[in-house]
Amino acid sequence: MPPTDLNPAQYDAVTTLSGPLLVLAGAGTGKTRVVTYRIAELIRDRSRPVRPDRILAVTFTNKAANEMLERAAVLLGKRLKQKPEISTFHSLCVRILRRHINQLGYPVAFSICDRGDQEGFARSALREIKAADGLLRPGELISFISRWKNASIRPEQAAAEAETDKEHLASAAYRRYQNALKTAGALDFDDLLLCTEELLARDSKVRQAEAGRFDHILVDEYQDTNGSQYRIVKGLAGGHRNLCVVGDDDQSIYGWRGAEVAHILRFKQDWPEAKVVRLEVNYRSTRQILDWSNRLIAFNKLRHPKVLRATCEGEMPRILQIEDEVQEAKAVVAEIAGRIQHLKRRPRDFAILCRTNEQPRAFETELRQAKLPYVLVGGMSFYDRKEVRDVLAYLKVVAQPTDEVSLLRIINTPPRGISQATVKRLLDEAIHRGKPIWEVLPAAGELDGLPAGAAQAVGRLRQMVERFHRQAGRQPPVELAQALLREVAYKNELTRLYPNSDDQAARWAAVEELVNALADYSRRTSEATLAGFLQEVAISGNENEADKQAKLDRDAVALMTLHAAKGLEFREVYMVGMEEGALPHHRSISAAGAAVDEERRLCYVGVTRAQRRLTLTLALSRMKWGKPRPTIPSRFLYELTGKADNPNYLSAKRGVPGREARTGSREPRGKNRRARG
DNA sequence: GACTCGAGTCCCGCC
DNA sequence: GACTCGAGTC
């Protein structure tokens, strides 16, 4: 029997069990609820029950996937033999690729490279094309490549797209980068989508096999699909046409990675028989919060006009101006502590939302001092740590010695007598022979200009890696990792590098935590391999950490970026750093076009996370690059409170063209500077 | 070959 | 402020 605690629109969406369905759902209108109820409904449908594992639900973040999984489990009550497949796009692609990637000329045990690895590949690609230093930095190259990949532009097509000198250089490097990746048997994050798309497009057998695994597909946050994701979904759902997508064009915040709102706006054309359901009653926030939200988002030109209707009243949102970012953190944390103590709130009732990953630091310090439990979502800081990256690089080399980036990382860490000059010589030779550097190592002794000592050191390293590589198949991964750490005396290296014993202990603890994660992975995986662990780490951080988070989530103050907060809700929300340059971010301000509109949607996502109470704070001065600098209040504060004129409601001649052109990319000066699209 | 020091640069967001 | 890179020294 269908659930009765739904409003008519929600009920309609939940009980439409076949054919294409578009759910246009504003913030707080029960979107997640509709999706999970619908999954349960499909499984429990009396007339035509669907086997749980024939349902695929796709989300954008791990957090969203976990949450959906949890809610669906609660709803379905008893333990199911098969579970619906609920995963992120990227995990879905990894599974598809594992089955078929050899058809694209990659090894089945491909590795996934993260941001750090990418930089290594980018660096060597730039070296290969002999780009003059400083012309194009590795980071810049990666963002060019990522932008091309997100638009499904392949290396051979990039040159035609390039306009500036930098872009031409980047297109040449893109080809090398992609070759190097392929040689190393590695995919970057964008490749996961791109290769999956290619597989489905070029081989109808593969497409049929993959599409045939499911009878129903649901896609959350459909407004955030990029071209590849859009085509993958089309390819998988084209046969049965049981596709349900939910989304809100006002919450599209991933334009920078190729997301196109057009996909959700075009749904009815793609699937002409599609049913459209609109959810507009907001059950989450007070009328006061929604008044601010509605007023803010109305400043965006390109959108489907809609107004969220509230179902309850509450207090007015507040704006707090505070001296500097340290005081800001102190004030917010003190207030939270006070409300927990005096008003019996729970830590989990609170969220502190920031624009960038660096902002939470000050709040972390304060929260620790106040002894409030908190959870920092995202940031990936653990896997960014030098010692963790080192150990991971060792494990990667052992799993796959041709992993060039990792090999270069550990080749002289700890120092073993292989100098930069030696590395350069080996690299040149590798480029000359067109082979991975690993395959050049045996010839080190014969290379001109390589000192005998260096050649011997290279030989010793090669033998060690080979030995561990051979053992990798036979020995449990944890034992292997421990033996490896002993062999290279990594603990001694930490002692050598960090004179302070607290630092040493903290860094070694991180190494141990990584080994624990490996142990945990081995316990819950039937055929645990080093490669499997590394793949899991690359795609999701590890489950161990997700577990910890889930536990903490039950009662901890949430500290996260606005991007990470999408899809979540909290009783009381603090949006901090409401300043020009932070929100909207200075990069978006200086970028032409609709970049600021996306910042506005980001702000909208933030304010609509709040259920009962919303506080916006700004610091009047903020440390930047080592110096305190005065700030300017965010334009969004004026828009939220009705202190700014909305150009969408005024005649066009009120605009002052040319003013921005003169100020160029500098931050706006005037306090009352009006927002323009 | 390894280490130190000073100059120069600087990452937005996520999987 | 934190980090990387290159020059200079041991």
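The structure displayed is predicted, hence computed values, not measured ones.
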With the six-membered base ring of B:dG13 as reference, does the ring of A:Tyr254 sit under 5.5 Å away with planes under 30° apart?
no
Identify, between A:Trp625 and A:Glu598, the residue whose nearest nucleotide on DNA chain B lies closer to the 5' end.
A:Trp625
Assuming nearest nucleotide by heavy-atom distance, tell me which of A:Ala421 and A:Arg587 is located more 5' along DNA chain B.
A:Ala421
Shortest side-chain distance from [X], nucleotide among [options]:
X        : options               : value
A:Ser419 : B:dC14, B:dG1, B:dC15 : B:dG1
A:Ala454 : B:dG1, B:dC15, B:dC14 : B:dG1
A:His563 : B:dC15, B:dC14, B:dA2 : B:dC14
A:Thr61  : B:dC15, B:dA2, B:dG13 : B:dC15

Would you please classify the geometry between the A:Phe121 ring and the A:Tyr177 ring as parallel, tilted or perpendicular, with 30° and 60° separating the classes?
perpendicular
Determine the interplanar angle of the A:Tyr222 and A:Tyr230 rings, folded into 0 to 90°, and report it as parallel if under 30°, tilted if 30 to 60°, perpendicular if over 60°.
tilted
How many Å lie between [atom1] on [X] and [atom2] on [N], as a whole number?
X        : N      : atom1 : atom2 : value
A:His586 : B:dC11 : NE2   : P     : 10 Å
A:Glu358 : B:dC14 : CD    : P     : 13 Å
A:Arg257 : B:dC15 : CZ    : P     : 7 Å
A:Lys386 : C:dC3  : NZ    : C1'   : 13 Å
A:Lys149 : B:dC15 : NZ    : C1'   : 14 Å
A:Asp191 : B:dC14 : CG    : P     : 20 Å
A:Ile232 : B:dC15 : CD1   : P     : 17 Å
A:Asn357 : C:dA2  : CG    : C1'   : 16 Å

Aromatic A:Tyr254 / basic A:Arg257 pairing, under 6.0 angstrom, 45° off normal:
yes
Passing candidate, side-chain hydrogen bond (donor to acceptor under 3.5 Å, both in side chains) with A:Ser588, options A:Glu599, A:Arg600, A:Glu598:
A:Glu599
For A:Thr88 and A:Ser91, test the side chains for any donor-to-acceptor distance below 3.5 angstrom and give the result as yes or no.
yes
Examine B:dG1: is either OP1 or OP2 under 4.0 Å from a nitrogen or oxygen in the side chain of A:Thr422? Give yes or no.
yes
Under 4.0 Å: is that the gap between some side-chain N or O of A:Thr356 and OP1 or OP2 of B:dC11?
no
With a 4.0 Å cut-off on heavy atoms, is [X] in touch with a base, just the backbone sugar-phosphate, or nothing at all?
X        : answer
A:Gly139 : nothing
A:Phe89  : nothing
A:Asn412 : sugar-phosphate

Rounded to whole angstrom, note down the C1' distance from B:dC11 over to C:dG6.
22 Å
Are A:Gln400 and A:Ser111 close enough that some pair of their side-chain heavy atoms sits under 4.5 Å apart?
yes
